[in-house]
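Here is the structure we will look at, set down as structure tokens.
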Amino acid sequence: MKQSKNIAIIGAGGREHALARKFAQTLTWENVFTLPGNGGIPNSHMVNVNDFEELERFCMCNSVEMIFVGPEQPLAAGIVDYFKGKDIKVFGPDKHSAKLEASKIFAKQFMQKYNIATAGFEIFNNLNDAKYTIAKKLGDLVIKFDGLAAGKGVFVCSTVDEANDALQELETAYGKELDFIIEDKISGDEISIIGFTDGKSIKLLQASQDHKQLLDGDKGPNTGGMGAYSPISGISEDLMQKIQDKIINPTLKGIQAEQMDYKGVIYFGIMVKDAEPYLLEYNVRFGDPETEVLLPALKNDLYEIVTACLSGELDKIKFEFENAYFADIVLASGGYPKSYDKGFEIKGLDDVSKDTLIFHAGTKKEDGKILSSGGRVLNIVCKGKTLNEALENAYNEVNKINFKNMYFRKDIGKRVNKYLISRFNSLKS
Ligand code: GLY
């Protein structure tokens, strides 16, 4: 039943379009504001969401009762703390809890303190001090800048030269004195486990897998994500239980022991090696493009889940999922993640099948036309009875859309068929 509660979603990408659509299924599009949104999200409004006073004014003028925060920056900047004690509720962790994503050092120390399965690490605050560790590990390591760096602060290295190049890049950006960590590199299969927490329990959505590198075969530079699928049928109950015991449960214990004010989304970036899970990172928000395949599969009312979290009653909700696979192909601007041209008209959006979901990311509307305006431009999401069917449907629909310099990966979801299933289940204990 349609209700008349106004909410505001903060953010401008495909994740926020998927969130807005999900909320609008049980509210109405008139009730769901997206700030600033983009050219494809109905009811988008150009508001400076980093200016919390401006945001508050917008919310008051539009009777917004609740804010759902898409990206990490407003959480790290303290949006939850700003609105505490006011009439508008904000769904997300407070500034201190958001350090689980905003500070790699804070997160690793938390993982260590609560005995969460993760890679070994050392903390540094001067680039010169890292030389010995790099030489000792023969460059086979991961370097992580402590703060938020929009995906540009993590360097996965295989050689001393690569590690030294990473240090050089950090020095150019921040100078020699900066906080960072060096972590043991764990090679395996990376999966995203995303759920909700009210601080008393954590409830998970289905597992998903992002494709972070630009080129087919997982080659080329890291991006925000070039495609995703869900669920991952190869994950055994045995592996899921290990993830629960070694990562999720101790995380909840830590949140409670530290008395964190955390009512929001929690994202576990997990590497699976020899059927053992290791936590690579926390994010304190939904993943993008994972959200675009997770929310279409979720049968529950998202507004109900969020209000249950805010009132500490998440345990009353039972998640239900559609019995189908979802695949998302990201259409990007050629040149992304480096420089790219934009402003190209997107054609074919009306030609896709009625079951196709198109989530806009970097688009804008001008003179009735939709133009590309960012690196990741569109997400094309289809479902199927099998993963292969979902992928085939999505790639068929992708072929109907075009804009100048459009680029997309041709191998989304392919690695699961090739080897993931056997690797997830090898070495069963
Ligand atoms: N898909 C990875 C992220 O959202 O951080």
Side-chain angles (χ1 to χ4, degrees), residues 9-19 22 38 68-76 92-93 98-104 107 142 144-156 183 188-196 204-215 218 220-232 247 264-272 278-297 326-332 336-337 359-362 374-381 408-409 411-413 415-416:
I9 297 166
I10 306 288
R15 168 182 50 206
E16 286 73 29
H17 195 172
L19 281 162
K22 183 72 185 155
N38 61 41
F68 189 109
V69 187
E72 63 278 18
Q73 294 88 351
L75 296 165
K99 282 167 78 179
L100 285 174
E101 174 166 0
S103 165
K104 303 297 172 217
V142 182
K144 291 182 175 173
F145 172 61
D146 185 48
L148 291 179
K152 297 192 182 97
V154 176
F155 303 85
V156 182
E183 198 174 88
D189 299 296
E190 199 174 339
I191 60 172
S192 306
I193 302 288
I194 299 174
F196 292 85
L204 302 178
L205 298 174
Q206 300 184 107
S208 58
Q209 191 166 47
D210 183 11
H211 294 61
K212 288 198 171 110
Q213 283 171 278
L214 180 72
L215 307 174
D218 296 322
N222 261 340
T223 69
M226 295 300 296
Y229 68 89
S230 178
I232 309 177
I247 295 174
V265 171
I266 185 158
Y267 171 138
F268 303 86
I270 291 173
M271 187 67 86
V272 181
Y278 299 88
L279 182 62
L280 297 183
E281 62 175 4
Y282 291 109
N283 292 320
V284 295
R285 42 136 184 116
F286 263 120
D288 191 350
E290 291 95 326
T291 311
E292 290 89 314
V293 289
L294 290 176
L295 292 184
F326 287 82
D328 175 12
I329 315 299
V330 171
L331 306 185
Y336 169 78
F359 295 123
H360 288 236
R376 289 190 293 173
V377 178
L378 294 169
N379 300 264
I380 310 304
V381 177
F408 59 94
R409 269 182 70 159
D411 67 342
I412 301 302
R415 70 182 110 111
V416 72

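Counting starts at 1 for both ligands and their atoms, in listed order.
For ligand 1, the protein residues within 4.0 angstrom (heavy atoms only) are D210, K212, G224, Y267, N283, R285, G287, D288, P289, E290.
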Under the criterion side-chain contact (heavy atoms from CB on, under 4.5 Å), I'd like the reasoning laid out for I412 against D328: C-alpha separation, chi angles, the key distance, then a yes or no. CA-CA 8 Å; I412 301 302; D328 175 12; over 6 Å; no
Hey, mind stepping through F326 and Y229 against ring pair (Phe, Tyr, Trp, His ring centres under 6.0 Å) and telling me if it holds? CA-CA 6 Å; F326 287 82; Y229 68 89; over 10 Å; no
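Of the possible donor and acceptor atoms, none in the side chain of R376 sits under 3.5 Å from a partner among the backbone N and O of G13. When atom types are taken as modelled, the side chain of N379 and the backbone of F359 share a donor-acceptor pair closer than 3.5 angstrom. With hydrogens and angles ignored, the 3.5 Å screen pairs no side-chain donor or acceptor of Q206 with any backbone N or O of S230.
Between I10 and P74, the shortest heavy-atom contact is CG2-CG, 4.1 Å.
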